[in-house]
Trainee: 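One structure, as structure tokens, below. Some questions next.
Bear in mind that the values here come from a model prediction, so they are computed numbers and not experimental data. What you see below is based on every heavy atom in this structure, not just the backbone, and it leaves out hydrogens, waters and symmetry mates.
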Amino acid sequence: MGNRHAREDYEWVYTDQPHADRRKEILAKYPEIKSLMGPDPRLKWIVCMMVAIQFLAFYLVKDLDWKWVLFWTYAFGSCINHSMTLAIHEISHNTAFGNNKAMWNRYFAMFANLPIGLPYSASFKRYHLDHHRYLGGDGVDVDIPTEFEGWFFCTRFRKFIWIILQPLFYAVRPLCINPKPITQLEVTNIAFQLTFDILLYWLWGAKPVVYMLAGSMLGMGLHPISGHFIAEHYMFLKGHETYSYYGSLNLLTFNVGYHNEHHDFPSIPGRRLPMVKKIAAEYYEDLPQYTSWVRVLYDFIVDDALSPYSRVKRKLKGDVKQE
């Protein structure tokens with residue numbers, strides 16, 4: 001339980017990320033993949049339905065006993081709220097309304113943010129696009145854990161606690177690694193969200209607010225769906241920095257498990273990523289892949305060679321243009 005892990009630093013590499021070169025190679029061989037790019041007309045209706053379901057849940061939990069509020073928070077609210085964060089991930093790539101209506105996507109993401117309770121959609125887009133452009137970039141990619149996380153969360157028990165606290169570290173990490181001046185969109189996101197939270201409390205009391213906020217925290221902590229945080233880029237096999245997951249939870253997560261495909265083609269909506277894998281099968285079949293996010297979480301905790309340091313990191317060269 002208390003064994004320390006073997007790593008004492010990140011996996012530093014001096015090569016570019018693999019996705020840009022693979023994208024060029026695949027498009028040269030299969031130019032028809034370009035037809036998969038562009039908005040997903042179903043996405044906005046799915047998001048509206050999910051928001052409506054959570055609004056109904058807010059109403060239904062207001063009269064429940066606290067034990068049932070907490071039960072439904074983890075059993076249902078955590079699932080749909082984590083799914084909503086991945087809808088916001090989709091929207092950050094302008095897949096709701098297309099690149100020509102970029103601001104429509106930004107405000108629609110704020111709408112999708114409402115049932116989550118914490119204002120983050122505007123900030124997420126700024127940092128997430130940097131993650132794609134500069135994957136593993138030192139001082140830029142805030143998906144990489146901090147030095148403190150790698151140093152401290154180094155035993156099985158501490159890694160277990162680290163997974164529970166994932167939402168906290170994802171919130172604080174940008175301020176430590178790559179702080180940016182606040183934008184007007186972020187101010188709008190905060191004002192919009194706080195107004196909604198206060199109105200929810202005023203209308204139906206504390207129980208819906210606890211259901212909303214605790215659902216978000218639990219769903220992004222020790223939860224089967226949160227396995228994707230670890231599965232996507234933690235180096236389970238040396239030399240591989242992105243991994244795909246082809247299990248059933250993709251149905252709830254906008255196919256975020258198709259992560260190699262997503263980084264190769266970030267402008268293709270999640271619903272069409274299985275088509276990328278089908279068309280260019282020879283590029284993905286032999287890459288390391290998962291079928292269980294729960295197993296990913298378990299292996300990460302019990303394998304003493306794995307820790308928050310198990311990430312590929314690179315020094316960026318040339319002009320770095322951030323969002």
Trainee: Please test D264 against Y283 for side chain to side chain donor-acceptor pair (under 3.5 Å), starting from the C-alpha separation and ending with a verdict.
Mentor: CA-CA 11 Å; D264 289 351; Y283 288 92; over 6 Å; no

Trainee: Are the side chain of T95 and the backbone N or O of E90 linked by a donor-acceptor pair below 3.5 Å?
Mentor: yes

Trainee: Test R106 against every option in T188, N94, N189 by the side chain to side chain donor-acceptor pair (under 3.5 Å) rule and name the one that passes.
Mentor: N94

Trainee: Return the minimal non-hydrogen interatomic distance between N81 and P115, and the atom names on each side.
Mentor: ND2-O, 3.1 Å

Trainee: Measure the spacing between CE of M84 and CD1 of I116 and express it to the nearest 0.5 Å.
Mentor: 6.5 Å

Trainee: Would you check if the distance from the ring center of H89 to the ring center of H262 is below 6.0 Å?
Mentor: yes

Trainee: Count the heavy atoms of every other residue, nucleotide or ligand shown that sit under 6.0 Å from OH of Y59, and state whether that count exceeds 12.
Mentor: no

Trainee: Could you tell me which non-hydrogen atom of W151 sits nearest to which non-hydrogen atom of Y309, and how far apart they are?
Mentor: N-CE1, 3.8 Å

Trainee: Distance-only, no hydrogens or angles: does the D21 side chain make a donor-acceptor pair with backbone N or O of P18 under 3.5 Å?
Mentor: no

Trainee: Looking at Y290, I'd like to know if the NZ or CZ of R295 sits under 6.0 Å from its six-membered ring centre while staying within 45 degrees of the ring's axis.
Mentor: no

Trainee: Is the side chain of N105 donor-acceptor paired with the backbone N or O of N99 at a distance under 3.5 Å, no angle test?
Mentor: no

Trainee: Tell me the salt bridge (Lys or Arg N to Asp or Glu O under 4.0 Å) pairs involving residues 227-246, sequence neighbours left out?
Mentor: E11-K238, E241-R314

Trainee: Is F148 linked to I163 within one hydrophobic cluster, defined over Ile, Leu, Val, Met, Phe, Trp and Tyr using a side-chain heavy-atom separation of less than 4.5 Å?
Mentor: yes

Trainee: Is NZ or CZ of R156 both nearer than 6.0 Å to the six-membered ring centre of F160 and within 45° of the ring axis?
Mentor: no

Trainee: Sub-3.5 Å donor-acceptor pair from the side chain of S123 to the main-chain atoms of Y120, do we have one?
Mentor: no

Trainee: If you measure from CG on L237 to OG on S310, what distance do you get to the nearest 0.5 Å?
Mentor: 11.5 Å

Trainee: Could you list all the side chain to side chain donor-acceptor pair (under 3.5 Å) pairs where at least one residue sits in residues 35-51, not counting sequence neighbours?
Mentor: D40-R271

Trainee: Mark yes or no for whether S307, through its side chain, and C154, through its backbone, hold a donor-acceptor pair below 3.5 Å.
Mentor: no

Trainee: Would you compute the distance between atom CD1 of I268 and atom CG of N255 and round it to the nearest 0.5 angstrom?
Mentor: 12.0 Å

Trainee: Report yes or no: does R22 contribute a side-chain atom to a donor-acceptor pair with the main-chain N or O of E261 at less than 3.5 Å?
Mentor: no

Trainee: Looking at every heavy atom in both C79 and A75, which two are closest together, and how far apart are they?
Mentor: SG-O, 3.7 Å

Trainee: Is there a side chain to side chain donor-acceptor pair (under 3.5 Å) between Q289 and S244? Walk through the geometry before answering.
Mentor: CA-CA 5 Å; Q289 55 193 251; S244 287; over 6 Å; no

Trainee: Compute the centroid of each ring, for H19 and then for H132, and state whether the two points are separated by less than 6.0 Å.
Mentor: no

Trainee: Shared ILVMFWY cluster between F169 and I161, side chains joined below 4.5 angstrom?
Mentor: yes

Trainee: Should the pair K277 and Y246 be classed as cation-pi, given the thresholds of under 6.0 Å to the six-membered ring centre and 45° from the axis?
Mentor: yes

Trainee: Return the NZ to CG distance between K125 and D130, rounded to the nearest 0.5 Å.
Mentor: 10.5 Å

Trainee: Assigning hydrophobic clusters by single linkage (Ile, Leu, Val, Met, Phe, Trp, Tyr; side-chain heavy-atom cutoff under 4.5 Å), is L194 placed with V187?
Mentor: yes

Trainee: Indicate the atoms forming the closest heavy-atom contact of L306 with D299, along with that distance.
Mentor: CD1-O, 3.9 Å

Trainee: Atom CD1 of I53 and atom CD1 of I80: how far apart are they, to the nearest 0.5 Å?
Mentor: 5.0 Å

Trainee: How far does OG of S121 sit from CD of E186, to the nearest 0.5 angstrom?
Mentor: 9.5 Å

Trainee: Can any side-chain N or O of Y243 pair as donor or acceptor with the backbone N or O of M235 at less than 3.5 Å?
Mentor: no

Trainee: Under 6.0 Å from the CH2 atom of W12, do we count more than 12 heavy atoms belonging to anything else shown?
Mentor: yes

Trainee: Decide salt bridge (Lys or Arg N to Asp or Glu O under 4.0 Å) for E282 and K29; before the verdict, give the C-alpha distance in whole Å, the side-chain angles of both, and the deciding distance to 0.1 Å.
Mentor: CA-CA 11 Å; E282 69 272 25; K29 188 172 183 179; 2.8 Å; yes

Trainee: Assess, by modelled atom type and distance only, whether the side chains of Y211 and Q54 contain a donor and an acceptor separated by less than 3.5 Å.
Mentor: yes

Trainee: On a heavy-atom basis, which atom in V209 and which in D197 lie closest, and how many Å separate them?
Mentor: CG2-O, 4.3 Å

Trainee: Hey, are D143 and R311 close enough for a salt bridge, meaning a charged N less than 4.0 Å from a carboxylate O?
Mentor: yes

Trainee: In the structure I gave you, are the side-chain heavy atoms of L252 and L249 within less than 4.5 Å of one another anywhere?
Mentor: yes

Trainee: Nearest heavy-atom pair of K207 and L64: which atoms, and what distance?
Mentor: NZ-O, 2.5 Å

Trainee: Is it true that atom CZ of F55 has more than 12 heavy atoms of other residues, nucleotides or ligands lying nearer than 6.0 Å?
Mentor: yes

Trainee: Same hydrophobic cluster for F157 and L222, using side-chain heavy-atom links shorter than 4.5 Å among ILVMFWY?
Mentor: yes

Trainee: Check F76, W293, Y74, F229 against H223 for a ring-ring contact (aromatic ring centres under 6.0 Å, His included) and give me the one that passes.
Mentor: Y74

Trainee: Are the aromatic ring centres of H228 and H259 under 6.0 angstrom apart?
Mentor: no

Trainee: Can a side-chain donor-acceptor contact be found between D138 and Y10 if the only test is distance below 3.5 angstrom?
Mentor: no

Trainee: Hey, any chance Y258 and L27 share a hydrophobic cluster, counting ILVMFWY side chains that come within less than 4.5 Å of each other, even indirectly?
Mentor: yes

Trainee: How about OH on Y201, more than 12 heavy atoms from neighbouring residues, nucleotides or ligands closer than 6.0 Å, or not?
Mentor: no

Trainee: Ring centres under 6.0 Å, that's the criterion: do W204 and F58 meet it?
Mentor: no

Trainee: If we only count heavy atoms from C-beta on, is the V312 to H233 side-chain gap below 4.5 Å?
Mentor: no

Trainee: Taking S267 for the side chain and M37 for the main chain, is one N or O donor matched with an acceptor at less than 3.5 Å?
Mentor: no

